[in-house]
Amino acid sequence: MHIKRVELSHFKSFGGTTQVPLLPGFTVISGPNGSGKSNILDALLFALGLSGSKGMRADRLPDLVNQNVSGRGRSTVEASVTVTFALEAEELGLMQPEDEDGAVPASNGSTTNGNGHRANGSSGNGHAKVEPLEQSVLAPISPFNEWTVTRKLRVTQQGTYTSHYFINGESCTLTQLHEQLHRFRIYPEGYNVVLQGDVTSIISMNPRERREIIDELA
Amino acid sequence: MHIKRVELSHFKSFGGTTQVPLLPGFTVISGPNGSGKSNILDALLFALGLSGSKGMRADRLPDLVNQNVSGRGRSTVEASVTVTFALEAEELGLMQPEDEDGAVPASNGSTTNGNGHRANGSSGNGHAKVEPLEQSVLAPISPFNEWTVTRKLRVTQQGTYTSHYFINGESCTLTQLHEQLHRFRIYPEGYNVVLQGDVTSIISMNPRERREIIDELA
Amino acid sequence: RQRAFKEAFDAVNSNFEAIFAQLSDGDGHLQLDDPNDPFASGLNLVAHPKGKPVRRLASMSGGEKSLTALSFIFALQRYRPSPFYAFDEVDMFLDGANVERLARMIKHQAQQAQFIVVSLRRPMIESADRTIGVTQARGAYTQVLGLDLQTQSG
Amino acid sequence: RQRAFKEAFDAVNSNFEAIFAQLSDGDGHLQLDDPNDPFASGLNLVAHPKGKPVRRLASMSGGEKSLTALSFIFALQRYRPSPFYAFDEVDMFLDGANVERLARMIKHQAQQAQFIVVSLRRPMIESADRTIGVTQARGAYTQVLGLDLQTQSG
Ligand SMILES: Nc1ncnc2c1ncn2[C@@H]1O[C@H](COP(=O)(O)OP(=O)(O)OP(=O)(O)O)[C@@H](O)[C@H]1O
Ligand SMILES: Nc1ncnc2c1ncn2[C@@H]1O[C@H](COP(=O)(O)OP(=O)(O)OP(=O)(O)O)[C@@H](O)[C@H]1O
Ligand SMILES: [Mg+2]
Ligand SMILES: [Mg+2]
């Protein structure tokens, strides 16, 4: 799986709606100081719910709305970020459509290696790795083997705010989003995102915390 | 005043005795990672007593002794750093030779602008700026208008250690050293030394702490 | 559970030793305070650049700490890859030669995962498959331009 | 005592405004939470790069924070100079253009005080009066070489 595209609307220094297309492999983002490079990584953290506002250099979530938009103060303003992932064929089984009550069907005795998860009530054997799932199960996934996560942050004129998450356009809770990301080995406490200035934090961290990183993976 | 030379003996990555000559104006220190650039700044902090061991990236003072020296474990080892300052003519009056009991003679009603300090018992008027001081007063200062600070750290085989400070070769306390440096506007909490990784700390610091920086100078 | 930890630990440790040797031309390994009681121990990174005796972590230089931390992250990646890695100026302390080594390591790891790396350093830009340029006209919004350096001359 | 503070504050503030404008091409000033009760207030740095509305300090980029912090240090220096300043890689977040601006500012400030600046960045090395080279042969001690770039060709 890889990130195919990040779309930012009114998020931090992104005034309108901007698409950032991405490919597999090794991409560098570069440009002058203050241009918005770190803000793109903040957009990933924002959409995937991987960090609190301080981790995105915002004192509070409303600070994330582009100031030219919120500065007008006439009505409710909204910032949103959509991350589009491209899936490999063998990963399709990892997408879990939610039951109506939000429970994930494969949470009883599913294997831990990420393959062969049971889908929507089917008896699913442990070797489902390359078996195509029912089209109805895959309905929310676009035919290009993509899936999307969107987060919208709405701030009223008085300064109160709400934040909503969506998988493939369907409303979901943060917990459901984290469970889905978990299946792809994306975790809030993961070390796959290293923010500006943080690279040496692994060195200065408490040795027990460092050991817990291995616990998480084991 | 400027630093004319830093001499490092068995200090951190400096194995033997190394001279680092310096001139007024703008000097850059450069070289590969791990070569010893930051260690030279640690040597300044060490000799002038401007920081605790953690500020020099040492868990404890004995970690500052070059490991090839202390690694032999046969007997007491010693690390030392000497900083040589060059004085301008008008600054000579700032050097305070100590009385036998360590008191500084000009501490009664001396001016605060750093000029015209009273020397060793002379009646000293407030315009002593360009008046040459008695040769006996200047005796500890070399004829090249220099003064030196040396700090020696001795570590025994068992791991206990002692640290001694010297001004112009004469033993002094850390307090006396700080008072002398104070007259030249060198302070432990000063912002004239910015260590690796610390430049943005002024931004993340507590606003009251930041205001206290101005208090110090006022 | 203790066996699962041991298996993870050994795998990450053996990755760390290999990667550290490549990135920093020295020897390093992971160490538990108490191998018999892992869940009460801390995990230490033991690192010594070639020819130097073992160094306390605290006394390492900025560049050495960066390479040690990155070796650990790559060691975790080889054991349990995430689909993407996003690094923001992790090369800020590195001298030119070390930026090149890191860039080559990322290029290699990028066969297994997507790497999105914010960097101002030329050797990093030159090793990437492509660069996304970000600019901000005075007072205006961020603008994003894709640049494929492989197809440009010079 | 309050008057001494006000005098220091005004002087540092006016220095900060001038220096910030030069270093970061924007407007900045110092601000007390409560000007009538300075000793109970905090001191804030209000900064907005040209054309942008005032930014909260937290949301500034790494480069913007560095230039703001350095403007403050230079503002203190112009008011109460120390005899020497020792900077260790304060340019680590700066892009090439900003390293040049900082190097020019240091060159100017170095008329009043001695600057000892550890840096890996070429524009900084090129602006200095001289460079001290530091190397460490494998496993051997730090060696120090003086290099006077002004006398070298190319
Ligand atoms: N809500 C917002 N509205 C408008 N602009 C914002 C908002 N939040 C942050 N910014 C601006 O975004 C810019 C910072 O962007 P970012 O941190 O991505 O820069 P960068 O490219 O990473 O720079 P550097 O190389 O210095 O790290 C700052 O100028 C900041 O003022
Ligand atoms: N007591 C000691 N004995 C021997 N070597 C030591 C001692 N303390 C520190 N060192 C070594 O000094 C080196 C670090 O030097 P320093 O921090 O000055 O490097 P640097 O030139 O600033 O590098 P960078 O560019 O990466 O910041 C490290 O390799 C460290 O192991
Ligand atoms: Mg940034
Ligand atoms: Mg260093």
Which region of A/Leu23, side chain (C-beta onward) or backbone (N, CA, C, O), has a non-hydrogen atom less than 4.5 Å from a non-hydrogen atom of chain C, or is it both or neither?
both
Okay, C/Met92 and chain A: the region with an atom under 4.5 Å from a heavy atom over there is side chain
Could you look at A/Pro32 and say if it's the side chain, the backbone, both or neither that has a heavy atom under 4.5 Å from chain C?
both
Quick one, C/Ile125 and A/Ser30 - any side-chain contact, counting heavy atoms below 4.5 Å?
yes
Using the side chain to side chain contact (heavy atoms under 4.5 Å, CB included) rule, take A/Leu22 and C/Ile116 through it: C-alpha gap first, then chi angles, then the decisive distance, then the call.
CA-CA 9 Å; A/Leu22 291 164; C/Ile116 302 162; 3.8 Å; yes
Using modelled atom types only, decide if a donor and an acceptor are shared between the side chain of A/Arg211 and the backbone of C/Gly42 within a distance under 3.5 Å.
no
Do A/His2 and C/Pro83 make a side-chain contact, defined as non-hydrogen atoms from C-beta onward lying under 4.5 Å apart?
no
Scanning both residues in full, the closest heavy-atom pair of C/Asp129 with A/Pro24 reads OD2-O, 4.3 Å
Working to the nearest 0.5 Å, report the span between CD of C/Gln136 and CG of A/Asn39.
8.5 Å
Between C/Ser41 and A/Arg208, is the side chain to side chain contact (heavy atoms under 4.5 Å, CB included) condition met? List the steps.
CA-CA 6 Å; C/Ser41 315; A/Arg208 304 213 164 186; over 6 Å; no
First locate atom CZ of C/Phe93, then atom OG1 of A/Thr200, and finally report the distance between them rounded to the nearest 0.5 Å.
5.5 Å
How far apart are the C-alpha atoms of A/Ile202 and C/Ile73, what are their side-chain angles, what is the distance that settles it, and do they pass the side chain to side chain contact (heavy atoms under 4.5 Å, CB included) test?
CA-CA 9 Å; A/Ile202 283 192; C/Ile73 292 175; 3.7 Å; yes
Close side-chain approach of A/Leu217 and C/Tyr79, heavy atoms under 4.5 Å:
yes
Checking A/Thr27 against C/Phe115 for the side chain to side chain contact (heavy atoms under 4.5 Å, CB included) test, could you report, in this order, the C-alpha distance in whole Å, the side-chain angles of both residues, the deciding distance, and whether it holds?
CA-CA 6 Å; A/Thr27 302; C/Phe115 276 83; over 6 Å; no
State, with a plain yes or no, whether a side-chain heavy atom of C/Leu120 is found less than 4.5 Å away from one of A/Lys37.
yes
Among A/Val20, A/Asp198, A/Leu44, A/Asp215, who wins on heavy-atom pairs under 4.5 Å with chain C?
A/Asp215
Counting only heavy atoms not in A/Glu216, do more than 12 sit closer than 6.0 Å to its CD atom?
no
Most chain A-contacting option - heavy-atom pairs closer than 4.5 Å, from C/Leu30, C/Asn44, C/Asp33
C/Asn44
Should we say atom NE2 of C/His108 is surrounded by more than 12 heavy atoms from elsewhere, each under 6.0 Å from it?
no
For A/Leu195, which atoms come within 4.5 Å of any heavy atom of chain C: side chain, backbone, both, or neither?
backbone
Closest approach of A/Val28 to C/Ser119 (non-hydrogen atoms, all atoms of both residues):
CG1-O, 4.3 Å
Among C/Phe87, C/Tyr85, C/Phe84, which one satisfies side-chain contact (heavy atoms from CB on, under 4.5 Å) with A/Val193?
C/Phe84
Taking C/Ser82 for the side chain and A/Ile186 for the main chain, is one N or O donor matched with an acceptor at less than 3.5 Å?
no
Is there a side-chain contact between C/Leu45 and A/Arg210 (heavy atoms, below 4.5 Å)?
yes
Considering residues, nucleotides and ligands other than C/Arg101, do more than 12 of their heavy atoms fall under 6.0 Å from its CZ?
yes
Cut-off 4.5 Å, heavy atoms of chain A, and the answer for C/Val12 is side chain
To the closest 0.5 Å, what do you measure between OG (A/Ser204) and NZ (C/Lys65)?
7.0 Å
Where on C/Glu89 is there a heavy atom nearer than 4.5 Å to chain A: the side chain, the backbone, both, or neither?
side chain
Against chain A, label C/Ala47 side chain, backbone, both or neither, depending on which of its atoms sit under 4.5 Å from a heavy atom there.
neither
When A/Pro21, A/Ser13, A/Gly31 are compared by non-hydrogen pairs under 4.5 Å with chain C, the top option:
A/Ser13
With a 4.5 Å cut-off on side-chain heavy atoms, are C/Thr68 and A/Ile203 touching?
yes
Side chain, backbone, both or neither of A/Ser38 within contact of chain C (heavy atoms, under 4.5 Å)
both
Quick one: are A/Ile40 and C/Val134 in side-chain contact, heavy atoms under 4.5 Å?
yes
Is there a side-chain contact between A/Phe26 and C/Ser127 in this structure, where contact means two heavy atoms from C-beta onward sitting under 4.5 Å apart?
yes
Just by modelled atom types, is the A/Ile3 backbone N or O under 3.5 Å from a matching donor or acceptor in the C/Gln114 side chain?
yes
